Amino acid sequence: MIFQPAIIALLLSSLLCIGLLLAATPFAIDLIRNWDLASGSERQLLRERRTYLLSTLLAFVFATQLLALLLFVFNADRMASLFVGAMCAVGTLQANAFGFPALLAQILVFFLAAVWLVINHVDTRAPDYPLLRTKYVLLLCLLPLLLAAALLQWRYFLALKADVITSCCGSLFSDATPGVTADLAAAPPLPTMIAFYLSLLLAGAAALLYRRWQRGGYLVALLSALAFAVTMAAILAFISLYVYEHPHHHCPFCVLKPDYSYQGYALYGPLFVGTAAGLGVGAVQAFASVPTLQSVVPVVAGRLAGLAAGMFAVVAVVASLIVLNSRLLLLAN
């Protein structure tokens with residue numbers, strides 16, 4: 001099972017990223033403790049040269065983590081045919097106890113990696129690297145989470161057994177099954193639909209207002225996170241039903257399958273990008289008062305805000321097209 005090409009790619013990527021992060025940790029600690037741009041000492045000059053290489057390597061590591069989430073979900077869906085009882089990624093993820101924790105950890109790593117990349121980009125735009133200590137302190141704080149996510153992924157893949165009988169998505173995302181997923185699946189469609197469009201409208205409007213007046217960066221981040229949560233709930237409660245044209249099929253993973261024209265990617269892609277951009281606005285807003293970043297933050301954050309607003313609009317349009325093109329008359333019932 002572990003010799004599947006996608007699994008090998010994910011495990012090697014995880015091993016490489018953790019190895020690079022652990023190797024960079026001593027140098028990151030040295031930078032945090034001893035960085036002094038005003039010094040002309042040989043050690044400081046050596047630190048300045050090394051920091052270029054380190055920043056490039058870390059940017060590669062975190063960019064890899066962004067792609068790893070897509071590959072992880074895609075691989076889980078592709079492997080469903082290998083397990084008895086599995087119909088989509090849900091069956092694969094339920095093949096052992098580490099599947100869904102590994103997915104949730106990977107999602108968290110995705111957003112934190114995106115925020116770190118934004119902070120790193122802002123720092124490199126200034127001549128004095130004012131956020132150098134900040135971003136490496138954040139790196140050391142993120143390292144335990146990255147290690148935990150990698151460990152969960154390794155445990156998940158190593159514990160996969162082809163002779164395991166797993167369960168399908170119908171048993172997990174059913175309004176008859178106790179749990180959070182059941183509560184979301186049983187949510188009334190109309191109130192959930194209103195909350196869905198309202199959350200996207202608020203997040204998009206806050207992003208556009210920030211782009212225009214450079215105010216409310218933290219609000220953009222908060223509303224973006226809220227829009228992400230509400231949209232995920234909406235996919236469970238009503239959007240998936242319109243995709244499948246079935247009033248009781250609430251799976252958020254089957255929408256990724258070719259049987260449904262990969263419509264899930266058109267929803268999840270803009271949602272994740274928009275949320276990451278919105279969180280990035282809030283992250284860089286914290287450094288808007290740094291003297292050498294006063295001309296950098298408005299430009300970078302403004303672009304991120306525009307991206308977030310655009311992506312949330314795409315999510316709303318895609319969801320609307322799914323509803324309008326579906327033969328299911330959910331609200332009429």
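Quick note: numbers below take in every heavy atom, side chains included, and nothing from hydrogens, waters or symmetry partners. All values derive from a computational prediction rather than experimental measurement.
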So do the side chains of [X] and [Y] get within less than 4.5 Å of each other, counting heavy atoms only?
| X | Y | value |
| --- | --- | --- |
| Leu31 | Leu54 | yes |
| Lys135 | Leu58 | no |
| Thr92 | Tyr156 | yes |
| Val300 | Leu304 | yes |
| Leu293 | Leu131 | yes |
| Leu140 | Tyr136 | no |
| Leu151 | Arg155 | yes |
| Val281 | Val118 | no |

To the nearest 0.5 Å, what is the distance between [atom1] on [X] and [atom2] on [Y]?
| X | Y | atom1 | atom2 | answer |
| --- | --- | --- | --- | --- |
| Ile235 | Ser240 | CD1 | OG | 8.0 Å |
| Leu152 | Leu147 | CG | CG | 11.0 Å |
| Cys17 | Leu22 | SG | CG | 11.0 Å |
| Leu223 | Phe228 | CG | CZ | 15.5 Å |
| Thr231 | Ile239 | OG1 | CD1 | 6.5 Å |
| Leu236 | Leu241 | CG | CG | 9.0 Å |

Worksheet entry | Tyr129: partners by ring pair (Phe, Tyr, Trp, His ring centres under 6.0 Å), with sequence neighbours left out | none

Practice prompt. List in chain and number order the residues that pass ring pair (Phe, Tyr, Trp, His ring centres under 6.0 Å) with Phe287, two or more places apart in sequence or in another chain; answer none if no residue qualifies.
Written response: none

Can you get from [X] to [Y] by hopping between Ile, Leu, Val, Met, Phe, Trp and Tyr side chains that sit under 4.5 Å apart?
| X | Y | value |
| --- | --- | --- |
| Leu198 | Leu208 | no |
| Leu279 | Leu222 | no |
| Leu67 | Leu103 | no |
| Leu16 | Leu11 | yes |
| Leu138 | Val297 | yes |

Response to the item:
Applying side chain to side chain contact (heavy atoms under 4.5 Å, CB included) to Arg215 and not counting sequence neighbours gives none

Discussion item. Test of understanding: with side chain to side chain contact (heavy atoms under 4.5 Å, CB included), list the residues that count as partners of Leu190, not counting sequence neighbours.
Written reply: Ile194, Leu331

Taking only residues at least two apart or on different chains, which pairs with a member in [range] satisfy side chain to side chain donor-acceptor pair (under 3.5 Å)?
| range | answer |
| --- | --- |
| residues 59-71 | Gln65-Gln106 |
| residues 268-292 | Asp128-Thr292, Tyr210-Gln285 |
| residues 301-312 | none |
| residues 7-30 | Asp30-Asn34, Asp30-Arg47 |

Practice prompt. Give a yes or no answer on whether the side chain of Thr192 reaches the backbone of Ala234 with a donor-acceptor pair at less than 3.5 Å.
Written response: no

Worksheet, complete the sentence: Sequence neighbours excluded, the answer for salt bridge (charged side-chain N to carboxylate O under 4.0 Å, His left out) partners of Arg211 is none

Fill in: With sequence neighbours excluded, residues passing salt bridge (charged side-chain N to carboxylate O under 4.0 Å, His left out) with Glu48
none

Can you name the nearest heavy-atom pair linking [X] to [Y], along with the distance?
| X | Y | answer |
| --- | --- | --- |
| Gly264 | Leu256 | C-CD2, 3.6 Å |
| Leu66 | Ala114 | CD2-N, 4.0 Å |
| Gly282 | Tyr218 | O-CE2, 3.4 Å |
| Ala283 | Val115 | CB-CG1, 3.6 Å |
| Tyr262 | Pro258 | OH-CB, 3.3 Å |
| Pro191 | Pro188 | CD-O, 3.4 Å |

Practice prompt. In sequence, state the C-alpha distance, the side-chain angles, and the governing distance for Ile18 and Trp154, and then conclude on side chain to side chain contact (heavy atoms under 4.5 Å, CB included).
Written response: CA-CA 12 Å; Ile18 294 301; Trp154 275 81; over 6 Å; no

Worksheet item: For Phe272 and Ile107, what are the C-alpha separation, side-chain angles and deciding distance, and is it a side chain to side chain contact (heavy atoms under 4.5 Å, CB included)?
Response: CA-CA 9 Å; Phe272 274 78; Ile107 291 174; 4.0 Å; yes

Sequence neighbours left out, cut at 3.5 Å: what donor-acceptor pairs do the side chains of residues 309-324 make with other protein atoms?
| unit_1 | atom_1 | unit_2 | atom_2 | d |
| --- | --- | --- | --- | --- |
| Ser320 | OG | Tyr197 | OH | 2.8 |
| Ser320 | OG | Ala316 | O | 2.8 |

Discussion item. Can you classify the ring geometry of His248 versus His246 as parallel (below 30°), tilted (30 to 60°) or perpendicular (above 60°)?
Written reply: perpendicular

Worksheet item: Would Leu146 and Leu21 satisfy side chain to side chain contact (heavy atoms under 4.5 Å, CB included), going step by step from the backbone distance to the final call?
Response: CA-CA 9 Å; Leu146 294 170; Leu21 289 174; 3.2 Å; yes

Worksheet entry | side chain to side chain contact (heavy atoms under 4.5 Å, CB included) between Tyr265 and Leu70, intermediate numbers included | CA-CA 10 Å; Tyr265 290 103; Leu70 176 62; 3.7 Å; yes

Worksheet entry | Contact list for residues 13-64, test ring-ring contact (aromatic ring centres under 6.0 Å, His included), sequence neighbours left out | Phe62-Trp116

Worksheet entry | CZ (Arg133) with more than 12 external heavy atoms under 6.0 Å | yes

